[in-house]
Amino acid sequence: MKKREKKLIIFNLFLIISFCTIAMPNYVLAYDPGLDGYEYTNVSNVTNQTTSFTHIAENKVSIEQNVSYSATRTKSSETNVSASLELEALKAKLTFGVEVSWGSSFSVTETVSFNIPGSSKVKCEYGPCYVRNSGTLNYYRLGKLSSTKSIYAYYTYASWSRIQKI
């Protein structure tokens, strides 16, 4: 490549870069378009379980026995978030998956099995696992914080069971 061609290429690149810099309005560069929308910040996340079924079982023989019971628990979810975009921002940060659609609650009856050790008396327990979550939902417009909303969510995500020797 000749010296003259190199100079011409460099000059053309200089013109292109100069034109792009001058032609672009400042407001285009003032924010990151990726920052438009909702962002959820978790403040408190409590995971726990409640007992909805309790039974005292006694195995009078020396070998382990399996017993099954029909037990009822609640599946539920609630939140103060209403808009679908707000809900998507919240769901993206949840620790566990929600069992039911938001705002619903109903009871389910399930068969729960326990292995009772030989020659023992035990307490059988069963119930739902839940999450109580609170945080802040921030809305960004043009890369700047536009509004803030405190939100909460309560939802069940699974069941648990255990036995305890008495």
Side-chain angles (χ1 to χ4, degrees), residues 27-166:
Y27 69 87
V28 172
L29 302 174
Y31 77 99
D32 179 0
L35 288 179
D36 273 7
Y38 292 96
E39 175 189 52
Y40 176 70
T41 304
N42 195 23
V43 174
S44 171
N45 194 38
V46 176
T47 305
N48 210 338
Q49 57 196 32
T50 58
T51 304
S52 59
F53 172 83
T54 303
H55 180 75
I56 304 299
E58 187 172 4
N59 183 357
K60 295 183 179 184
V61 296
S62 60
I63 59 170
E64 180 178 275
Q65 291 186 340
N66 184 282
V67 294
S68 296
Y69 300 102
S70 183
T72 302
R73 75 176 180 93
T74 301
K75 291 184 176 185
S76 64
S77 69
E78 64 181 71
T79 183
N80 64 335
V81 173
S82 55
S84 62
L85 288 176
E86 293 177 351
L87 192 56
E88 290 302 317
L90 171 65
K91 287 188 331 188
K93 298 287 184 146
L94 294 180
T95 311
F96 300 99
V98 179
E99 289 185 301
V100 296
S101 60
W102 286 101
S104 62
S105 178
F106 56 89
S107 295
V108 293
T109 301
E110 300 173 327
T111 301
V112 186
S113 298
F114 299 94
N115 292 322
I116 312 301
S119 305
S120 67
K121 189 174 185 178
V122 296
K123 179 165 81 170
C124 303
E125 296 178 297
Y126 162 84
C129 299
Y130 69 87
V131 174
R132 189 174 312 277
N133 198 313
S134 64
T136 304
L137 191 62
N138 297 320
Y139 178 67
Y140 290 90
R141 179 77 181 131
L142 300 177
K144 295 182 180 176
L145 183 61
S146 175
S147 64
T148 298
K149 178 180 181 180
S150 293
I151 64 171
Y152 73 89
Y154 168 86
Y155 61 96
T156 57
Y157 63 91
S159 63
W160 65 275
S161 63
R162 71 175 173 211
I163 62 169
Q164 292 179 317
K165 283 193 176 187
I166 298 176

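A donor-acceptor pair is defined here as one N or O able to donate and one able to accept, closer than 3.5 Å; such a pair exists between the side chain of Asn80 and the backbone of Ser150. No donor-acceptor distance shorter than 3.5 angstrom exists from the side chain of Ser134 to the backbone of Tyr152, with no hydrogens or angles considered. With Thr79 contributing its side chain and Val81 its backbone, the two residues share a donor-acceptor pair below 3.5 Å.
A heavy-atom distance below 4.5 Å is found between the side chains of Thr50 and Pro128. Counting heavy atoms from C-beta on, the side chains of Ile116 and Asn66 never come closer than 4.5 Å. You'll find the side chain of Val112 stays beyond 4.5 Å of the side chain of Ser159, heavy atoms only. With a 4.5 Å cut-off on side-chain heavy atoms, Thr136 and Asn138 count as touching. Annotation: side chain of Ser101 is not in contact with side chain of Ser77 (no heavy-atom distance under 4.5 Å). Counting heavy atoms from C-beta on, the side chains of Arg132 and Asn48 never come closer than 4.5 Å. In this structure, Ser44 and Val46 have side chains that are in contact, with non-hydrogen atoms separated by less than 4.5 Å. Between Pro117 and Val122, the closest side-chain pair of non-hydrogen atoms falls below 4.5 Å.
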Using the rule given for side-chain hydrogen bond (donor to acceptor under 3.5 Å, both in side chains), can you reason through Thr109 versus Thr72, listing the C-alpha separation, both sets of side-chain angles and the distance that settles it, and then say yes or no? CA-CA 4 Å; Thr109 301; Thr72 302; 3.1 Å; yes

Please walk me through it: do Val67 and Ser113 pass side chain to side chain contact (heavy atoms under 4.5 Å, CB included)? CA-CA 6 Å; Val67 294; Ser113 298; over 6 Å; no

Decide side chain to side chain contact (heavy atoms under 4.5 Å, CB included) for Tyr139 and Asp36; before the verdict, give the C-alpha distance in whole Å, the side-chain angles of both, and the deciding distance to 0.1 Å. CA-CA 8 Å; Tyr139 178 67; Asp36 273 7; 5.8 Å; no

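The ring-ring contact (aromatic ring centres under 6.0 Å, His included) search around Tyr157 returns Phe96, not counting sequence neighbours. For Tyr130, the ring-ring contact (aromatic ring centres under 6.0 Å, His included) partners two or more places apart in sequence, or in a different chain, are Tyr154.
With rounding to the nearest 0.5 angstrom, the CD atom of Glu125 is 5.0 Å from the OG1 atom of Thr54. Atom CD1 of residue Ile151 and atom CG of residue Asn133 lie 7.5 Å apart, to the nearest 0.5 angstrom. The distance from atom CG of Leu87 to atom CH2 of Trp102, rounded to the nearest 0.5 Å, is 6.5 Å. Annotation: the span from Phe114 atom CZ to Arg162 atom CZ amounts to 10.5 Å, rounded to 0.5 Å. Here the CG atom belonging to Leu85 is positioned 12.5 Å from the CG atom belonging to Leu90, to the nearest 0.5 angstrom. Annotation: the span from Arg73 atom CZ to Glu110 atom CD amounts to 5.0 Å, rounded to 0.5 Å.
When all heavy atoms of Ser107 and Thr74 are compared, the closest pair comes out as OG-OG1, 4.1 Å. Tyr40 and Ala89 get closest at one heavy-atom pair: CB-O, 3.7 Å. Nearest heavy-atom pair across Ala71 and Tyr126 is CB-CD2, 3.5 Å. The two atoms that bring Ser70 and Phe53 nearest to each other are O-CE1, 4.2 Å, heavy atoms only.
Shown here is Lys93, whose NZ atom has no more than 12 heavy atoms of other residues, nucleotides or ligands within 6.0 Å.
Pairs passing the side chain to side chain donor-acceptor pair (under 3.5 Å) check and including a residue from residues 55-64, sequence neighbours excluded, read His55-Tyr69.
Using modelled atom types and a 3.5 Å distance limit, the side chains of Glu99 and Thr156 yield a donor-acceptor pair.
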